[in-house]
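Starting from 1, each residue takes its place in the sequence as its number. What you are looking at is a predicted structure, and each value in this text was computed from that prediction instead of being measured.
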Amino acid sequence: MPELPEVENVRTTLERQVIGKTIDQVIVHVPKMIHGLPADEFVHMLVGQEIEAVRRRGKFLLFDLTDCTILSHLRMEGKFRVYPETEPTTKHTHIIFHFTDQTELRFLDVRKFGTMQVAAKHQEETTNSLQKLGPEPLSAHFELAAFASKLKKTTRAVKTALLDQKLVAGVGNIYADEICFEAEVLPMRGGNELSDAEVAALYEATKKIIGIAVEAGGSSIRTYENSQGKKGNYQDFLKVYGRTGEKCLRCGGTVEKIKLNGRGTHFCRGCQK
């Protein structure tokens with residue numbers, strides 16, 4: 001599933017491609033992808049709307065239109081592409097936004113897990129999807145005191161807490177492993193077991209890892225590409241994720257993989273405590 005760095009890269013590429021375009025037709029081939037209202041109402045609301053901005057909140061893409069905001073979650077395999085209207089569609093093209101300039105924004109999804117919904121303009125934080133999201137890890141709202149207070153009160157594993165979008169928005173499986181490694185903390189330890197120094201290390205590691213990954217365009221582990229079909233580069237810098245059985249780049253130990261609450265989890269016992 002694309003995490004914050006990947007979704008941010010999609011946002012920045014879409015921003016250059018669709019802002020200022022006006023929707024004159026919407027085609028929905030898979031109505032179940034539209035949440036909150038019938039697909040025909042979704043279509044009716046969007047015709048005639050201009051795309052004014054493309055934003056991101058956690059793992060959600062937000063398209064600000066003239067009178068409303070579209071919230072979209074890519075889930076496992078969702079992709080946005082901009083094509084001329086003459087470009088043939090594929091069988092995995094499920095939603096099409098046709099623009100007055102004869103181009104189209106298409107949503108493709110092999111698994112059909114991606115979602116879209118409409119919110120009142122700039123009122124998306126009141127939706128069920130966003131209202132419980134924690135702070136953005138690269139924003140001034142991500143504060144050590146609040147992070148520490150919540151993390152040290154939980155008996156859940158550190159990694160499980162990092163994946164909780166109410167603690168910090170946008171962190172997923174890949175980056176949770178990398179954050180724990182950077183902070184030298186074992187991912188299976190309970191949050192209430194951590195020292196103040198370890199919590200601070202996790203806080204700083206979260207900002208560092210997410211920041212670097214955003215700059216690298218995210219990680220293309222499987223099928224992720226941005227809206228221009230370009231892959232990210234952060235997979236070239238991963239230190240534990242996907243390196244099971246290899247030597248630890250920090251201490252020379254062996255990278256292990258276990259299942260933690262159903263998620264594949266990578267770490268090094270040699271230098272993570």
Side-chain angles (χ1 to χ4, degrees), residues 1-19 21 23 25-36 39 42-43 46 49 51 53-65 69-99 101-118 124 129-130 165 169-175 210 213-236 238 241-242:
M1 178 184 294
E3 303 177 29
L4 186 157
E6 291 76 46
V7 179
E8 177 63 16
N9 193 242
V10 173
R11 185 199 70 78
T12 57
T13 55
L14 281 174
E15 190 174 48
R16 296 192 291 268
Q17 295 175 296
V18 302
I19 287 181
K21 297 196 176 196
I23 300 168
Q25 185 182 16
V26 181
I27 301 170
V28 178
H29 292 302
V30 182
K32 73 173 185 179
M33 289 182 160
I34 308 303
H35 289 193
F42 176 84
V43 169
L46 301 185
Q49 299 283 306
I51 299 180
V54 184
R55 296 181 289 130
R56 180 194 52 76
R57 181 72 171 96
K59 301 177 187 180
F60 285 84
L61 281 169
L62 311 177
F63 296 84
D64 287 328
L65 309 182
T69 297
I70 301 172
L71 287 71
S72 177
H73 200 299
L74 304 178
R75 300 298 177 188
M76 297 294 292
E77 302 269 355
K79 294 180 176 66
F80 279 102
R81 291 286 189 276
V82 178
Y83 292 113
E85 64 180 8
T86 53
E87 180 76 19
T89 60
T90 71
K91 66 178 181 179
H92 299 305
T93 302
H94 305 311
I95 300 174
I96 301 172
F97 301 91
H98 186 275
F99 299 120
D101 68 353
Q102 286 73 57
T103 62
E104 295 178 340
L105 174 63
R106 301 175 185 175
F107 187 68
L108 299 80
D109 191 345
V110 172
R111 301 194 184 192
K112 302 180 183 178
F113 290 162
T115 64
M116 291 189 196
Q117 67 183 102
V118 177
E124 67 279 349
S129 298
L130 302 191
Q165 300 300 291
V171 176
N173 201 49
I174 295 172
Y175 299 110
I210 296 299
V214 167
E215 289 295 321
S219 302
S220 291
I221 302 297
R222 296 181 180 87
T223 61
Y224 162 72
E225 297 173 341
N226 68 21
S227 64
Q228 295 176 318
K230 296 180 180 178
K231 296 182 180 295
N233 296 315
Y234 193 70
Q235 67 275 7
D236 298 333
L238 294 172
Y241 186 89

Run the side chain to side chain contact (heavy atoms under 4.5 Å, CB included) check on Glu6 and Leu74 step by step: do they pass?
CA-CA 10 Å; Glu6 291 76 46; Leu74 304 178; over 6 Å; no
In Å and rounded to the nearest 0.5 Å, what is the CZ to NZ distance from Phe113 to Lys32?
7.0 Å
Those residues that, when tested against Thr103, pass side chain to side chain donor-acceptor pair (under 3.5 Å) (two or more places apart):
Lys21, Asp101
How long is the gap from OH on Tyr234 to CD on Glu3, to the nearest 0.5 Å?
11.0 Å
Pairwise distance OG(Ser72) to CZ(Arg56) - rounded to 0.5 angstrom:
13.5 Å
Test side chain to side chain donor-acceptor pair (under 3.5 Å) applied to Thr12 - qualifying residues, sequence neighbours left out
none
If you look at every heavy atom in Glu104 and His98, which pair is closest and at what distance?
OE2-CD2, 3.1 Å
Shortest non-hydrogen separation from Ile34 to Ile95 and the atoms involved:
CD1-CD1, 3.7 Å
Side-chain contact test, heavy atoms from C-beta onward, threshold under 4.5 Å: evaluate it for Met33 versus Val28 and give yes or no.
no
Does some side-chain heavy atom of Ile96 sit less than 4.5 Å from a side-chain heavy atom of His29?
yes
Only counting residues at least two apart or in another chain, list the ones meeting side chain to side chain donor-acceptor pair (under 3.5 Å) with Thr115.
none
Hits for side-chain contact (heavy atoms from CB on, under 4.5 Å) against Glu87, two or more places apart or cross-chain, chain-then-number order -> Tyr83, Pro84, Arg106
By salt bridge (Lys or Arg N to Asp or Glu O under 4.0 Å), which residues pair with Arg75, not counting sequence neighbours?
none
Hits for salt bridge (Lys or Arg N to Asp or Glu O under 4.0 Å) against Glu15, two or more places apart or cross-chain, chain-then-number order -> Arg11
Under the ring-ring contact (aromatic ring centres under 6.0 Å, His included) test, which residues partner His73, sequence neighbours left out?
Phe60
Sorted by chain and number, sequence neighbours left out, side-chain contact (heavy atoms from CB on, under 4.5 Å) with Val214 holds for Leu4, Pro5, Glu8, Leu138, Ile210
Counting C-beta onward and ignoring hydrogens, is there a side-chain heavy-atom pair between Leu14 and Leu105 closer than 4.5 Å?
yes
Can you measure from CZ (Phe97) to CG (Leu65) and round to the nearest 0.5 angstrom?
8.5 Å
Just verifying a value: how many Å separate Lys79 NZ and His92 NE2, rounded to the nearest 0.5 Å?
9.5 Å
Any Phe99 side-chain heavy atom under 4.5 Å of Ile23 side chain:
yes
With a 4.5 Å cut-off on side-chain heavy atoms, are Ile70 and Ile51 touching?
no
Among residues at least two apart in sequence or on other chains, which ones pass side chain to side chain donor-acceptor pair (under 3.5 Å) with Gln25?
none
Any pair with a residue in residues 109-118 that passes salt bridge (charged side-chain N to carboxylate O under 4.0 Å, His left out), sequence neighbours left out, goes on the list, sorted by first then second residue, please.
Glu77-Arg111
Residues passing the ring-ring contact (aromatic ring centres under 6.0 Å, His included) test with Phe107, sequence neighbours excluded, are Phe80
Taking C-beta and beyond as the side chain, do Glu124 and Arg57 meet within less than 4.5 Å on heavy atoms?
no
